[in-house]
Amino acid sequence: QVQLAESGGGLVQAGDSLRLSCAASRRPFSNYHMAWFREAPGKGREFVAVLSRSGTTTLFADSVKGQFTISRDNAKNTVYLQMNTLKPEDTAVYYCAASSVVGIFQSSDKYTYWGQGTQVTVSS
C-alpha cells in the first residue's frame with residue numbers, strides 16, 4: 001500500500017505560479033511512475049502529466065505543454081508539479097497518482113494509488 005499526500009495548492013491570480021508536491025509513504029519510491037491528474041467542477045478527471053520511475057521520460061497533456069513541468073526527488077519520495085502562467089481554466093482539484101505497471105500512461109485506470117487532492121483556484 002502506498003499513501004500519497006498532495007500539498008501546495010491555493011488561490012492565486014492568473015499569471016501566477018504554483019508548485020504542487022506529492023509525498024509518498026512507501027519505499028522504494030523509484031518503483032513507481034508518478035502522475036498528476038486534475039478534476040474541474042462539472043468535469044471528469046483529466047490527465048495532466050506523468051514522469052517515469054527513472055525520471056527520464058515525461059508525458060504531458062496538450063493543454064499544459066510548455067506551461068507545467070513535472071519532476072521527482074526519489075531520495076525524498078516526492079514528485080512535484082511546477083505550474084507557471086496559471087489560467088482560470090487551470091482551476092481544479094489536483095491529484096497525484098502512482099503506477100507500477102510497465103510503461104507510462106494517460107489513462108487513470110493504470111494508476112493504483114491516489115492522493116486526496118489539493119485545490120488550485122486561479123482567479124482572473
Checklist entry - Quick one: are L18 and V120 in side-chain contact, heavy atoms under 4.5 Å? => result yes
Next on the checklist: Quick check: do F105 and H33 have side-chain heavy atoms less than 4.5 Å from each other?
Outcome noted: no
Next on the checklist: For a side chain to side chain contact (heavy atoms under 4.5 Å, CB included) check, start with the C-alpha distance between V50 and T58, then their side-chain angles and the critical distance, and finish with the verdict.
Outcome noted: CA-CA 6 Å; V50 60; T58 57; over 6 Å; no
Looking at [X] and [Y], what are the two nearest heavy atoms and their distance?
{"X": "T56", "Y": "S54", "value": "OG1-OG, 2.7 Å"}
{"X": "P88", "Y": "S124", "value": "CG-CB, 3.8 Å"}
{"X": "S107", "Y": "D109", "value": "OG-OD1, 2.5 Å"}

In Å and rounded to the nearest 0.5 Å, what is the [atom1] to [atom2] distance from [X] to [Y]?
{"X": "T78", "Y": "M34", "atom1": "OG1", "atom2": "CE", "answer": "9.0 Å"}
{"X": "T69", "Y": "N84", "atom1": "OG1", "atom2": "CG", "answer": "6.5 Å"}
{"X": "L4", "Y": "Y111", "atom1": "CG", "atom2": "OH", "answer": "12.0 Å"}
{"X": "K110", "Y": "S100", "atom1": "NZ", "atom2": "OG", "answer": "11.5 Å"}
{"X": "I104", "Y": "S52", "atom1": "CD1", "atom2": "OG", "answer": "6.0 Å"}
{"X": "F68", "Y": "L81", "atom1": "CZ", "atom2": "CG", "answer": "6.0 Å"}

Checklist entry - Is the F47 ring parallel, tilted or perpendicular to the F37 ring (thresholds 30°, 60°)? => result perpendicular
Checklist entry - Which class fits the ring pair Y113 and Y32: parallel under 30°, tilted 30 to 60°, perpendicular over 60°? => result perpendicular
Ignoring hydrogens and geometry, is there a side-chain-to-backbone donor-acceptor pair from [X] to [Y] under 3.5 Å?
{"X": "E6", "Y": "Q116", "answer": "yes"}
{"X": "Q67", "Y": "T85", "answer": "yes"}
{"X": "S123", "Y": "V12", "answer": "yes"}
{"X": "S25", "Y": "Q3", "answer": "yes"}
{"X": "T118", "Y": "G9", "answer": "yes"}

Checklist entry - Without hydrogens or angle criteria, can the side chains of N74 and S30 be said to hold a donor-acceptor pair below 3.5 Å? => result no
Next on the checklist: Less than 3.5 Å apart, any donor N or O on the side chain of T91 or E89 sitting next to an acceptor on the other?
Outcome noted: no
Next on the checklist: Are W114 and Y94 connected into the same hydrophobic cluster when the rule is that any two of I, L, V, M, F, W, Y join if their side-chain heavy atoms are below 4.5 Å apart?
Outcome noted: no
Checklist entry - Yes or no on side chain to side chain contact (heavy atoms under 4.5 Å, CB included) for Y80 and D73, after CA distance, side-chain angles and deciding distance? => result CA-CA 8 Å; Y80 304 98; D73 185 337; 4.1 Å; yes
Item to check | cation_pi(R38, Y95) dist<6.0 Å, angle<=45 | outcome: no
Next on the checklist: Whether K65 engages the ring of F60 as a cation-pi pair (distance to the six-membered ring centre under 6.0 angstrom, angle to the ring normal within 45°) should be assessed.
Outcome noted: no
Item to check | Electrostatic pair D90-K87, nearest N-O below 4.0 angstrom | outcome: no
Checklist entry - Given S17 and Q82, is the side chain to side chain contact (heavy atoms under 4.5 Å, CB included) satisfied, shown in steps? => result CA-CA 7 Å; S17 297; Q82 178 66 43; 3.9 Å; yes
Checklist outcome for this item: Result for side chain to side chain contact (heavy atoms under 4.5 Å, CB included) between V48 and one of L20, I70, L59, V64 points to V64
Item to check | Chi angles and distances behind the side chain to side chain contact (heavy atoms under 4.5 Å, CB included) call for W36, E46 | outcome: CA-CA 9 Å; W36 288 94; E46 173 192 24; over 6 Å; no
